[in-house]
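Only one structure is covered here, and it is reproduced in the block below.
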Amino acid sequence: MTKQIKIFDTTLRDGEQVPGCKLNHRQKMIVAKQLEALGVDVLEAGFPISSPGDFKAVEMISKELQSTTICALSRSVEKDIKVAAEALRYAKFPRIHTGIGTSPDHIKYKFNSTPDKIIERARAAVKYAKGFVEDVEFYAEDAGRTSNEYLAKVIQAVVNEGATVLNIPDTTGYCMPEEYGAKIKYLVENVKGIDKCEISAHCHNDLGMATANSIAAIINGATQVECTVNGIGERAGNTALEEVVMILNHRFRGIYQTNIITPMLNPISKLVSDSMSMPVQANKAIVGENAFAHSSGIHQDGVIKHRANYEIIDPKTVGIDHSKIVLTARSGRAALAYRSKNIGFDLSKDELDIVYKEFIHIADRQAEVNDNDLNDMLCSIFKRAI
Ligand code: KIV
Ligand code: ZN
């Protein structure tokens with residue numbers, strides 16, 4: 001049977017905390033509604049204790065969304081948890097996300113505490129949160145740099161208190177995929193009652209491993225992935241939603257599935273990028289400007305003959321009408337004939353030879369030859385010929 005993987009979107013929390021990505025309430029609501037339409041299972045709407053603005057955003061989104069679980073972040077501090085619960089009071093499906101740092105660095109330098117005291121705080125936070133809502137997610141911050149043995153003790157304590165979701169963040173993007181996968185496996189094998197909980201992967205991209213680590217987590221038993229649109233987030237970002245979803249769709253078909261409506265991936269990428277003024281790198285997988293653009297002659301010839309020669313994803317499945325054949329000095333005759341035909345010039349072999357000679361001079365002078373340049377060139381050649 002195909003296993004369902006839940007998509008937990010944190011674009012409006014971990015993503016929005018990036019400098020310069022701040023959204024106003026109206027923009028947040030637009031993004032939240034689109035995320036619900038996209039099919040995310042859980043939407044982390046903010047960190048209510050952090051500011052009145054974040055509190056209001058969580059409250060507003062809780063009132064508006066109908067089918068998505070709305071999650072609010074808190075530290076393992078009673079006041080935080082109480083305020084998160086208040087912000088969530090109108091949510092149809094509320095979830096409190098509470099937690100504490102568990103790595104040696106966090107225990108010593110952030111909390112000036114001891115491993116035993118941290119377990120006690122984690123346990124108490126989940127117990128307190130359970131007084132407000134049934135659905136309580138616990139995060140073991142910096143789990144990536146926490147020993148598996150100690151992490152299992154922390155997680156056992158919160159499972160015993162009724163945590164419903166166990167978030168194992170690689171907060172600093174430190175882990176390698178085998179290591180992170182093994183961590184999840186260790187918890188699956190060593191925490192009693194974990195089979196009744198969701199296990200969540202929350203990865204950061206400091207070494208460019210966030211997506212690979214999230215997939216390794218799924219293979220080893222994680223049932224939820226925390227991610228952001230375009231992979232935005234602290235420092236090098238979070239796991240990119242579109243990447244995880246398309247990997248599961250393409251490489252694990254029949255094994256794992258999500259609820260994501262994939263043709264919405266590109267439109268939502270643009271919405272998030274435009275509203276946060278956060279450009280997407282051109283070569284970004286799935287949603288980058290060049291993700292379905294072909295510019296070298298060999299690739300262009302191959303893709304014109306048969307799209308799958310150089311594309312593993314049909315662009316329509318992620319909301320792009322068609323792949324692009326970009327005309328540059330590296331383009332060959334096949335691309336030139338194809339693009340000329342698109343604008344109404346069906347060239348014979350001899351005509352193509354003439355046009356190609358002129359094209360290559362123009363292409364050497366500029367980065368790209370667009371439809372206007374091409375049209376001007378073709379008109380002037382054919383005018384001369386007449
Ligand atoms: O990266 C992280 O550890 C987090 C937690 C607050 C969930 O974002
Ligand atoms: Zn994070």
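One-based numbering, in listed order, for ligands and for the atoms of each.
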query = Just one of I100, V159, N167 clears the side chain to side chain contact (heavy atoms under 4.5 Å, CB included) bar with F138, so which one?
reply = I100

ask   = Does any N or O atom in E226 lie less than 3.5 angstrom from one in ligand 1, N or O only?
value = no

inquiry  = Measuring from atom 6 (C) of ligand 1, which candidate in R13, E137, H106, H97 has the nearest non-hydrogen atom?
reply    = R13

query = Which atoms of ligand 1 sit under 4.0 Å from any heavy atom of E141?
reply = 3 (O)

task = Of the side chain and backbone of T10, name the one, both, or neither that has a heavy atom under 4.0 Å from an atom of ligand 1.
result = neither

message = Can you classify the ring geometry of F345 versus F382 as parallel (below 30°), tilted (30 to 60°) or perpendicular (above 60°)?
response = parallel

query = Should you measure from each heavy atom of H204, which atoms of ligand 1 turn up under 4.0 Å away?
reply = 1 (O)

For N167, the ligand 1 atoms whose distance to one of its heavy atoms is below 4.0 Å = 7 (C)

ask   = Given R75, H202, E44, Q17, which has its nearest heavy atom closest to atom 2 (C) of ligand 1?
value = H202

query = Which atoms of ligand 1 sit under 4.0 Å from any heavy atom of T171?
reply = 1 (O), 2 (C), 3 (O)

remark   = The atom of D14 among N, O or S that is nearest the Zn ion (ligand 2) is OD2

remark   = Quick note on ligand 1: atoms under 4.0 Å from a heavy atom of P169 include exactly 2 (C), 3 (O)

ask   = Where does the angle between the aromatic ring planes of H97 and F8 fall among parallel (under 30°), tilted (30 to 60°) and perpendicular (over 60°)?
value = perpendicular

query = Can a donor-acceptor pair be found between the side chains of T11 and D9 at a distance below 3.5 Å?
reply = yes

Nearest-0.5 Å distance that lies between atom CD1 in I118 and atom CD in E141 = 10.5 Å

task = Check whether any side-chain N or O of E242 sits under 3.5 Å from a backbone N or O of L265 as a donor-acceptor pair, and report yes or no.
result = no

key: Where the Zn ion (ligand 2) is the vertex, angle from H202 NE2 to H204 NE2 to 10°   = 100°

ask   = Can you check whether L43's main-chain N or O pairs, donor with acceptor, with R13's side chain at less than 3.5 Å?
value = no

Results of side chain to side chain donor-acceptor pair (under 3.5 Å) for K130 - residues two or more places apart only = E134

